[in-house]
Amino acid sequence: MAAPRAARGSVAAALLLLGLALCVAASEAGGACGCSADRAATATAAAAAVRRYSPEANAQRPGRGQMVPIPAGVFMMGTDEPEIRQDGEWPARRVRVNLFYMDQYEVSNAEFEKFVNSTGYVTEAEKFGDSFVFEGMLSEQVKAEIQQAVAAAPWWMPVKGANWRHPEGPDSNISNRMDHPVLHVSWNDAVAYCTWAGKRLPTEAEWEYSCRGGLENRLFPWGNKLQPKGQHYANIWQGEFPTNNTGEDGYKGSAPVTAFPPNHYGLYNIVGNAWEWTSDWWAVHHSPQETHNPKGPSSGTDRVKKGGSYMCHKSYCYRYRCAARSQNTPDSSASNLGFRCAADNLPDNLQ
């Protein structure tokens with residue numbers, strides 16, 4: 001059931017919207033990565049999966065390029081050095097995950113349009129008649145018509161007519177952004193799409209395991225340096241938030257789902273670009289004991305989202321790290337919130 005409309009529009013909900021190489025490669029190069037025997041085995045399996053299911057290999061396998069196998073293994077979820085303690089990023093705990101499949105890319109506008117055309121689905125933002133949009137993305141005409149904003153976060157504005165087809169309000173469209181991630185999609189909308197596609201949302205553990213790509217104790221999917229050799233690896237905010245986005249990475253808003261280098265599992269934009277829903281209910285206290293395929297609490301009021309977005313900047317939203325997390329009510333939507341799907345087995349239409 002969707003969260004009450006009042007909860008979706010509350011200040012708290014709005015604020016929440018703000019919200020190396022593999023061990024094998026390191027050892028081959030003479031480096032150290034602190035792998036235990038089973039972590040090394042996981043890394044070996046990961047390397048094999050990447051070789052078999054790299055984007056180049058998938059190009060030769062029609063229909064398989066949209067999902068990649070994530071090998072079973074064990075990893076340390078969370079961190080013992082949390083940057084945002086109130087988000088429940090800690091403690092680091094040992095988690096075992098079964099093999100599953102993950103979308104290589106965030107669900108794009110083009111893919112979501114196929115779903116809508118096939119089913120007639122109407123998103124919750126369309127039903128409610130509005131959605132949250134970052135003020136810096138709005139035209140002066142749209143801003144002039146807005147009578148309210150969130151006092152504690154004035155850059156978030158509820159915009160009438162904002163939805164996945166009109167990301168910045170009724171005077172915007174996605175005609176030149178069909179390869180960008182679909183935005184303004186609630187958790188309920190994401191579940192509806194995944195169900196139609198024969199998939200599901202990933203658990204938080206699966207998402208974080210996928211994000212790390214076989215690396216241990218690293219901040220980002222590619223290592224600890226934000227810009228290795230000066231190269232941008234994710235679509236985030238450069239400059240001073242919220243007044244000046246220099247767009248050094250090439251984008252001031254969303255980027256194509258194929259932009260930037262993939263991680264070692266072949267996943268693109270797993271951090272930055274758009275926040276991604278997971279299936280878990282939100283909680284901030286975690287047992288340090290080892291778990292196997294954890295699925296989060298059995299109930300709650302908010303769902304976990306991961307990965308940060310094009311609006312994230314270290315000064316206020318350092319959440320484009322693999323261990324970082326945030327939450328929203330299941331019917332929340334915003335101009336930086338999307339998703340990707342997972343599956344236990346490769347759907348029939350992709351085999």
Side-chain angles (χ1 to χ4, degrees), residues 22-23 35-50 52-53 66-80 87-104 187 190-191 193-195 197-218 221 263-267 270-271 276-300 302-307 321-327 330 339-348 350-351:
L22 296 167
C23 289
C35 289
S36 64
D38 51 1
R39 287 180 198 161
T42 295
T44 301
V50 170
R52 287 201 318 273
Y53 297 97
Q66 290 299 311
M67 298 198 89
V68 294
I70 308 299
V74 60
F75 78 113
M76 295 302 291
M77 184 173 179
T79 177
D80 285 329
D87 283 354
E89 298 178 357
W90 57 289
R93 61 259 186 212
R94 187 180 172 92
V95 172
R96 290 186 177 275
V97 178
N98 290 347
L99 181 146
F100 66 101
Y101 292 81
M102 190 80 148
D103 283 353
Q104 270 192 292
W187 186 90
V191 168
Y193 174 93
C194 290
T195 301
K199 305 177 184 180
R200 58 175 174 79
L201 285 176
T203 65
E204 182 179 6
E206 289 173 335
W207 190 99
E208 187 170 328
Y209 179 59
S210 299
C211 179
R212 294 182 181 278
L215 302 184
E216 286 285 358
N217 301 316
R218 299 295 186 267
N263 74 356
H264 289 295
Y265 286 158
L267 304 178
I270 193 70
V271 297
E276 298 182 12
W277 289 111
T278 75
S279 62
D280 290 30
W281 288 109
W282 174 261
V284 296
H285 300 292
H286 315 288
S287 169
Q289 303 301 313
E290 179 176 331
T291 55
H292 189 189
N293 291 328
K295 301 184 185 303
S298 59
S299 62
D302 297 331
R303 296 286 185 173
V304 177
K305 62 181 184 179
K306 298 277 284 185
R321 296 165 291 112
C322 290
R325 56 204 302 270
S326 190
Q327 91 269 37
F339 70 106
R340 77 178 70 211
C341 305
D344 294 324
N345 302 291
L346 200 63
D348 291 341
L350 294 182
Q351 298 199 35

Shortest non-hydrogen contact from [X] toward [Y]:
| X | Y | answer |
| --- | --- | --- |
| P294 | V95 | CD-CG1, 3.5 Å |
| W281 | G300 | CZ3-O, 3.2 Å |
| A190 | L201 | CB-CD2, 4.1 Å |
| A205 | F75 | O-CZ, 3.6 Å |
| A342 | F100 | CB-CD1, 4.3 Å |
| Y265 | S210 | CD1-O, 3.6 Å |

Distance, nearest 0.5 Å, that separates [atom1] of [X] from [atom2] of [Y]:
| X | Y | atom1 | atom2 | answer |
| --- | --- | --- | --- | --- |
| T278 | R340 | OG1 | CZ | 13.0 Å |
| M102 | I270 | CE | CD1 | 4.5 Å |
| R96 | Y209 | CZ | OH | 10.0 Å |
| E290 | R94 | CD | CZ | 5.0 Å |
| D280 | W187 | CG | CH2 | 10.0 Å |
| D344 | Y101 | CG | OH | 10.5 Å |

Applying side chain to side chain donor-acceptor pair (under 3.5 Å), can you list everything that pairs with R303, at least two apart in sequence or on another chain?
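Here no residue qualifies.
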
Which residues satisfy the side chain to side chain donor-acceptor pair (under 3.5 Å) test with W207, sequence neighbours excluded?
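Here the qualifying residues are E276.
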
With sequence neighbours excluded, what pairs up with [X] under the side-chain contact (heavy atoms from CB on, under 4.5 Å) test?
| X | value |
| --- | --- |
| N293 | V97, N98 |
| T195 | V191 |
| W282 | D87, V284, D302, V304, R325, Q327 |
| A324 | E89, R319, R321 |

Just to verify, what does [X] make a salt bridge (Lys or Arg N to Asp or Glu O under 4.0 Å) with, not counting sequence neighbours?
| X | answer |
| --- | --- |
| K199 | D103 |
| E206 | R200 |
| E208 | R212, K306 |

Taking N263 for its side chain and P221 for its backbone only, find out whether a donor-acceptor pair lies under 3.5 Å.
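No, N263 side chain to P221 backbone: no donor-acceptor pair under 3.5 Å.
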
Taking it one step at a time, do T291 and R93 satisfy side-chain contact (heavy atoms from CB on, under 4.5 Å)?
CA-CA 8 Å; T291 55; R93 61 259 186 212; 5.6 Å; no

If the condition is disulfide bond (SG atoms under 2.5 Å apart), which residues does C211 pass it with, not counting sequence neighbours?
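Disulfide bond (SG atoms under 2.5 Å apart) list for C211, sorted by chain: C322.
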
